[in-house]
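Heads up, the thing below is written out as structure tokens.
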Amino acid sequence: MVMLKLFFIFLAICIAEPAKILGIFPTPAVSHFTLGFRLMKELADRGHEVTMVSPFPQKTPIANYTDVAVESMTEALDEYKKDFFNRETMCFTRKIKFIHNMGYSLTEKLLSHDNFQKLLKSQAKFDVVIVEYFLAEAILGVGKVFDAPVVLFSSLPSYSSSNNIFANPAPSSYVPHILTQYTGYMDLGERFVNLAYNTFDAFYKYYYMFPLHDKLLKTYISKDLDLEDVMHNASLILLNSHPSISEPVPHVPNMIEIGGFHVKPPNELRLDLQMFMDEAVEGVVIFSMGSNLKSSDFSEQKLQAVLKSFGKIKQRVLWKFEEDSLPGLPSNVKLMKWLPQQDLLAHPNTKLFISHGGMLSTIETVHYGVPVIGIPIYGDQKMNVAKAERNGYAISVPFQNLSEEKLSGALHEILNNPKYADNAKTRSKILKDQLVSPMDTAVFWIEYAMRHKGSHHLQSAGIHLSWYKRNMIDIIIILTVVDILLFLIFYYIIKHIIHQISRIKRRPSKKYKKLEKD
Ligand SMILES: *[C@@H]1O[C@H](CO)[C@@H](O)[C@H](O)[C@H]1NC(C)=O
């Protein structure tokens with residue numbers, strides 16, 4: 001009997017109902033799509049029927065995987081792209097406005113897209129909708145359209161906007177805003193600046209962006225919906241972070257870290273690359289500024305600095321460079337327009353990774369335990385590199401300061417001091433030491449949201465409070481007013497008493513007066 005029961009349980013697990021899953025990954029950036037595709041492809045491989053909205057449709061069909069192409073999304077980013085290199089000179093209010101406005105443009109572009117509108121009106125049924133959450137509040141209305149739980153996916157660690165959706169505590173005293181270059185260890189001045197970032201971000205979001213998103217929601221999804229309602233109706237969020245890479249910070253129970261889930265077992269290298277790597281007796285330095293930035297856009301001065309620094313080291317260098325050639329290239333350097341980054345990082349001869357400090361690159365380098373020279377430019381890159389530096393496996397050479405002297409100094413230090421490689425290996429061990437693999441964790445929670453028709457039982461009560469109540473601003477105001485009143489009452493009582501005493505003193509007693517008259 002028991003055996004039979006066990007058999008049926010086993011059977012039920014093996015042939016778990018394949019579900020219909022909608023994925024919405026609209027950000028037109030290869031790094032964002034890489035993550036979304038990895039997740040959705042895995043769900044398809046595990047037997048679910050996947051529909052994927054993205055700007056990057058597949059060229060060859062994949063089983064269980066249907067594309068809804070929104071290729072024109074790239075246009076929404078064009079006007080922002082030209083500012084990428086300049087962003088670091090912006091003051092913090094402009095930086096914050098920049099990312100929110102970019103998020104808004106992307107959201108509008110998606111919601112107004114013909115193919116997306118067709119999907120919304122198609123009466124299609126889904127068991128769960130996975131939305132890449134990147135400053136795109138209005139998109140969350142899709143949960144209502146398909147009457148399905150919404151699982152959010154973030155390519156970033158938790159930050160101000162996702163914290164807001166799930167009412168996750170993130171005190172300015174030790175959780176740095178994602179656009180700062182701080183770690184959790186801030187001095188008084190830095191905490192002031194961090195508070196300024198967070199406060200401006202909250203105000204701008206609540207009083208400028210949210211009304212705009214509410215309008216988008218009403219225009220493109222349904223005029224009966226309210227932004228607050230759909231926003232806090234999200235079931236859970238999968239975060240592309242882990243304490244080995246980001247920092248240990250508070251998370252409410254429906255924020256789940258799956259950082260490292262996209263890393264695959266390494267593929268074999270192309271023959272010429274394999275030889276290049278194998279024959280590098282002194283090791284290899286990998287240099288890539290990621291998929292969005294082009295090192296071929298560096299100024300002449302910066303290119304010269306890089307070339308001269310590379311010419312001085314005995315290691316070989318593999319450089320992701322987007323043009324065919326570069327004059328004055330030292331003989332130990334090989335240019336390639338595209339690098340199989342993960343497979344190269346996995347090679348035992350890889351000694352160092354020179355990176356822009358993007359989230360994916362940071363995770364991959366930690367996974368394979370390779371130390372880093374970070375050349376951060378914008379967004380979360382400065383913070384990623386600052387954390388890596390604090391964890392002892394990286395040296396930061398910010399893009400503005402990139403010179404032959406700075407880069408050569410960093411190369412010399414990191415290639416000759418074994419502590420960086422040791423720390424990178426320690427981090428790698430922490431990342432890999434998990435009860436369940438990050439990918440299995442991700443799939444579990446997506447299926448969990450489906451099984452329970454949403455996971456609203458995991459939501460903290462904080463989501464029902466507006467931001468000022470959540471941060472106890474209302475109580476602080478009441479206490480301040482009461483304090484001021486008490487102070488005033490006390491002040492007038494004392495003043496009155498002092499006045500009386502001095503009057504008594506000044507007025508001679510009657511007896512005394514009588515004596516005077518006599
Ligand atoms: C809230 O989520 C549930 C599923 O978890 C869905 O059925 C419902 O339509 C959603 N409501 C809104 C207002 O988004």
Side-chain angles (χ1 to χ4, degrees), residues 16-26 39-40 43 48-51 53 103-104 107-108 110-112 116-154 161-168 205-206 209-239 251-256 258 441-467:
E17 273 290 281
K20 286 182 188 255
I21 302 179
L22 173 63
I24 304 176
F25 290 81
L39 183 64
M40 298 307 283
L43 291 166
H48 295 302
E49 204 179 299
V50 165
T51 304
V53 179
Y104 177 81
T107 311
E108 185 177 31
L110 175 75
L111 293 181
S112 61
F116 193 69
Q117 279 298 323
K118 263 184 228 154
L119 175 71
L120 289 183
K121 301 200 172 91
S122 68
Q123 313 268 334
K125 292 263 177 292
F126 295 104
D127 300 299
V128 67
V129 185
I130 305 174
V131 180
E132 185 203 356
Y133 175 69
F134 185 55
L135 309 153
E137 278 73 15
I139 300 180
L140 307 195
V142 294
K144 181 76 187 170
V145 175
F146 298 110
D147 199 19
V150 172
V151 168
L152 302 185
F153 170 84
S154 172
S161 290
S162 45
N163 288 334
N164 169 57
I165 291 194
F166 294 94
N168 187 49
K205 209 158 52 199
Y206 274 93
M209 288 325 295
F210 284 177
L212 290 178
H213 276 278
D214 192 53
K215 222 178 265 168
L216 282 187
L217 178 71
K218 291 184 162 68
T219 314
Y220 292 110
I221 299 189
S222 160
K223 59 180 187 324
D224 305 322
L225 289 178
D226 229 27
L227 190 70
E228 281 285 319
D229 295 341
V230 301
M231 207 160 70
H232 296 305
N233 193 42
S235 281
L236 53 92
I237 186 165
L238 303 171
L239 302 167
H251 285 134
V252 289
N254 49 350
M255 295 184 107
I256 289 121
I258 57 161
T441 307
V443 174
F444 169 82
W445 283 102
I446 292 164
E447 293 177 345
Y448 178 95
M450 288 194 270
R451 280 197 294 277
H452 299 278
K453 310 249 177 297
S455 55
H456 300 110
H457 51 276
L458 294 181
Q459 276 168 338
S460 98
I463 61 160
H464 302 292
L465 299 175
S466 51
W467 71 272

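Remember, it's 1-based here, ligands and their atoms both numbered in the order they're listed.
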Heavy-atom nearest neighbour in the protein, as seen from atom 6 (C) of ligand 1, with distance rounded to 0.1 Å = Asp147 OD1, 3.5 Å
Flag the pair Phe444 / Ile256 as yes when at least one side-chain heavy-atom distance between them is below 4.5 Å, and no otherwise.
-> no
Proximal ligand 1 atoms for Ala148, defined as those under 4.0 Å from one of its heavy atoms | 4 (C)
So, does Gly141 sit close enough to ligand 1 that a heavy atom of it is under 4.0 Å from the ligand?
-> no
Can a donor-acceptor pair be found between the side chains of Glu447 and His48 at a distance below 3.5 Å?
-> yes
Please answer whether the main-chain N or O of Asn233 pairs with a side-chain N or O of His456 as donor and acceptor at a distance below 3.5 Å.
-> yes
Indicate the ring-plane relationship of Phe126 and Phe146, choosing parallel, tilted or perpendicular according to the 30° and 60° boundaries.
-> perpendicular
For the pair Trp467 and Tyr206, name the ring-plane relationship: parallel under 30°, tilted 30 to 60°, perpendicular over 60°.
-> tilted
Does Ser235, backbone or side chain, put an N or O under 3.5 Å from an N or O of ligand 1?
-> no
Anything under 30° is parallel, anything over 60° is perpendicular, the rest tilted; go ahead and classify His457 against Tyr448.
-> tilted
Under 3.5 Å donor-acceptor, Glu137 side chain and Leu217 backbone = no
Contacting atoms of ligand 1, where contact means under 4.0 angstrom from a heavy atom of Gly454 | 5 (O)
Protein heavy-atom partner closest to atom 14 (O) of ligand 1 - residue, atom, separation in Å = Asn233 ND2, 2.9 Å
Quick one: does Asp229 get an N or O within less than 3.5 Å of an N or O on ligand 1?
-> no
Residue, atom name and distance, where the atom is the protein heavy atom closest to atom 13 (C) of ligand 1 | Lys144 CD, 3.8 Å
Among all protein non-hydrogen atoms, which one is nearest to atom 5 (O) of ligand 1, and what is the separation to 0.1 Å?
-> His456 CE1, 3.0 Å
Within the 4.0 Å heavy-atom cut-off, what Lys453 brings close to ligand 1 is backbone
